[in-house]
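Atoms considered below: every heavy atom in the structure, side chains included; atoms not considered: hydrogens, waters and symmetry mates. A, B, ... follow the sequence lines: proteins, then strands. Residue 1 opens every chain.
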Protein chains: 2
Amino acid sequence: MGAKETLINHNIRPSITRLEIMEYLLSVRTHPTVEEIYDYLLPKIPTLSKTTVYNTLKLFSEEGIIKLLTIDGAQVRADGFNDMHGHFLCTGCRKLFDFPLGELAGECLDGFDVKTREVYYTGLCKNCQK
Amino acid sequence: MGAKETLINHNIRPSITRLEIMEYLLSVRTHPTVEEIYDYLLPKIPTLSKTTVYNTLKLFSEEGIIKLLTIDGAQVRADGFNDMHGHFLCTGCRKLFDFPLGELAGECLDGFDVKTREVYYTGLCKNCQK
DNA sequence: TTCATTTTTGTAATGATTACAATATAAATA
DNA sequence: TATTTATATTGTAATCATTACAAAAATGAA
């Protein structure tokens, strides 16, 4: 499903800005920060403001079409994909990797109503282990 | 193992301040914020400063005897327990619950060197579902 | 067009965290 | 003990991501 349909399905008017942000999120799996989104789109949308990026991400996440990750406590990152995956942050190169995640076993959560799940590892990626 | 032994084992001099912080972390499973630790200890240590709490938590976490959680992006929380458990944040009452965690299944992480793991759910606790 | 609504923008405020220099405390040495 | 050295703690000021807010711009309706 494309960016436009996604927005319309969630009753979000598909303005240029919103479309560009959504398309960007769907085009990369790096889970960019606000800064990165802003820097990437500024050439295309010269009047763009960071506040707009913040507002838009908040809107998207309230509608459940993206997830806002607070991976390393520093900046928020946007995750436009909703397949079940975990995140691996390499403490060497600071890159963020996705990894597939099957069923989570062993969670005893009787009575709790789980809405969102996040699995987050840190360590060293292949390159940085040398 | 008590707070004092833990510190000594990690070559951290067991000053009053450090002991009190460590003991507090071991006495509650609420994963308190810096603010909460500070407020709790101020009556006991009237000269305590927040910077010291930050410094001490950083020291502890570098030595691997606690974990610093960035649960909801707002404040850091300190987790003094190192059994394998996940965290559940109730979006209603904002309370943080621990839950036991068995083996994590389905993680394809060939070649990655995993150092830390965090599993973090949100939703509604029993009380807040009404 | 004109009016009302929504979206975007820029600036200023907030609030957690860190940098840093000064002070206090403890350990080591003479 | 007195003196020196290293370590711990403190307070203030700076940093930086995020939010609040009000104005401006764009869009849609009448």
Side-chain angles (χ1 to χ4, degrees), chain A residues 3-4 7-8 10-24 31-63 65-79 89 94 96, chain B residues 3-4 7-8 10-24 31-63 65-79 89 94 96:
Chain A
K4 195 164 187 177
L7 297 191
I8 291 172
H10 287 83
N11 286 318
I12 297 173
R13 291 224 303 246
S15 69
I16 305 273
T17 307
R18 288 169 176 167
L19 276 176
E20 290 284 357
I21 292 177
M22 194 67 227
E23 272 162 16
Y24 180 53
H31 313 315
T33 63
V34 167
E35 185 88 27
E36 285 163 351
I37 298 168
Y38 176 78
D39 289 346
Y40 177 80
L41 289 180
L42 197 58
K44 291 189 177 181
I45 311 173
T47 60
L48 186 62
S49 121
K50 259 184 209 172
T51 303
T52 300
V53 180
Y54 276 106
N55 290 343
T56 306
L57 293 184
K58 196 181 170 202
L59 177 69
F60 287 177
S61 102
E62 280 167 357
E63 285 297 325
I65 60 184
I66 69 168
K67 260 170 83 177
L68 292 180
L69 312 175
T70 56
I71 282 298
D72 54 354
Q75 289 137 287
V76 171
R77 288 163 175 274
D79 185 345
L89 177 73
R94 311 297 298 172
L96 195 59
Chain B
K4 194 165 187 177
L7 297 192
I8 290 173
H10 287 83
N11 286 319
I12 297 173
R13 292 224 303 247
S15 70
I16 306 272
T17 307
R18 288 169 177 169
L19 277 176
E20 289 284 358
I21 292 177
M22 195 66 227
E23 272 162 15
Y24 180 53
H31 312 316
T33 63
V34 167
E35 186 88 26
E36 285 161 352
I37 298 169
Y38 176 78
D39 289 346
Y40 177 80
L41 289 180
L42 197 57
K44 290 189 179 183
I45 311 174
T47 60
L48 186 63
S49 122
K50 259 184 208 171
T51 302
T52 300
V53 179
Y54 276 108
N55 289 342
T56 305
L57 293 184
K58 194 181 173 203
L59 177 68
F60 288 176
S61 102
E62 280 167 356
E63 285 297 325
I65 60 183
I66 69 168
K67 261 169 83 177
L68 293 180
L69 312 175
T70 57
I71 283 298
D72 55 354
Q75 288 137 288
V76 171
R77 289 165 175 273
D79 185 346
L89 177 73
R94 310 298 297 169
L96 194 60

So A/Val34 and A/Gln75, do their side chains get closer than 4.5 Å, heavy atoms only? no
Interface with DNA chain D, restricted to residues 42-63 of chain B and to heavy atoms under 4.0 Å: B/Thr47, B/Leu48, B/Ser49, B/Thr51, B/Thr52, B/Asn55
Give the rounded distance in Å between these two atoms: OH of B/Tyr38 and P of C/dA16. 13 Å
By side-chain hydrogen bond (donor to acceptor under 3.5 Å, both in side chains), which residues pair with B/Glu35, not counting sequence neighbours? B/Lys50
Distance-minimising heavy-atom pair for B/Leu41 and B/Ile21: CD1-CG1, 3.6 Å
A/Asn11 has an atom CG; how far is it from atom C1' of C/dT6, in whole Å? 14 Å
From CD1 of A/Ile37 across to P of D/dT18 the rounded distance in Å is 11 Å
With no hydrogens and no angle check, is any side-chain donor or acceptor of B/Glu36 less than 3.5 Å from a backbone partner on B/Thr33? yes
Would you say the side chain of B/Pro32 lies within less than 4.5 Å of the side chain of B/Tyr24, judging by non-hydrogen atoms? yes
Between the protein and nucleotides 3-7 of chain D, which nitrogen or oxygen pairs are less than 3.5 angstrom apart?
| unit_1 | atom_1 | unit_2 | atom_2 | d |
| --- | --- | --- | --- | --- |
| D/dT7 | O3' | B/Arg13 | NH2 | 3.4 |

Got a second to check how far B/Met22's CE is from B/Arg18's CZ, nearest 0.5 Å? 12.5 Å
For B/Ile45 and B/Thr17, which heavy atoms make the closest approach, and how far apart are they? CD1-CA, 4.1 Å
What's the CG-P distance between A/Leu19 and C/dT7, to the nearest Å? 13 Å
Please report, rounded to the nearest Å, how far the P atom of D/dA17 is from the CD atom of A/Glu35. 7 Å
Quick one: B/Asp39 CG to C/dA16 P, roughly how many Å, whole number? 11 Å
Do the side chains of B/Leu59 and B/Asn55 get nearer than 4.5 Å, heavy atoms only? no
Measure the distance from CD1 on B/Ile12 to P on C/dA26 and round it to the nearest whole Å. 18 Å
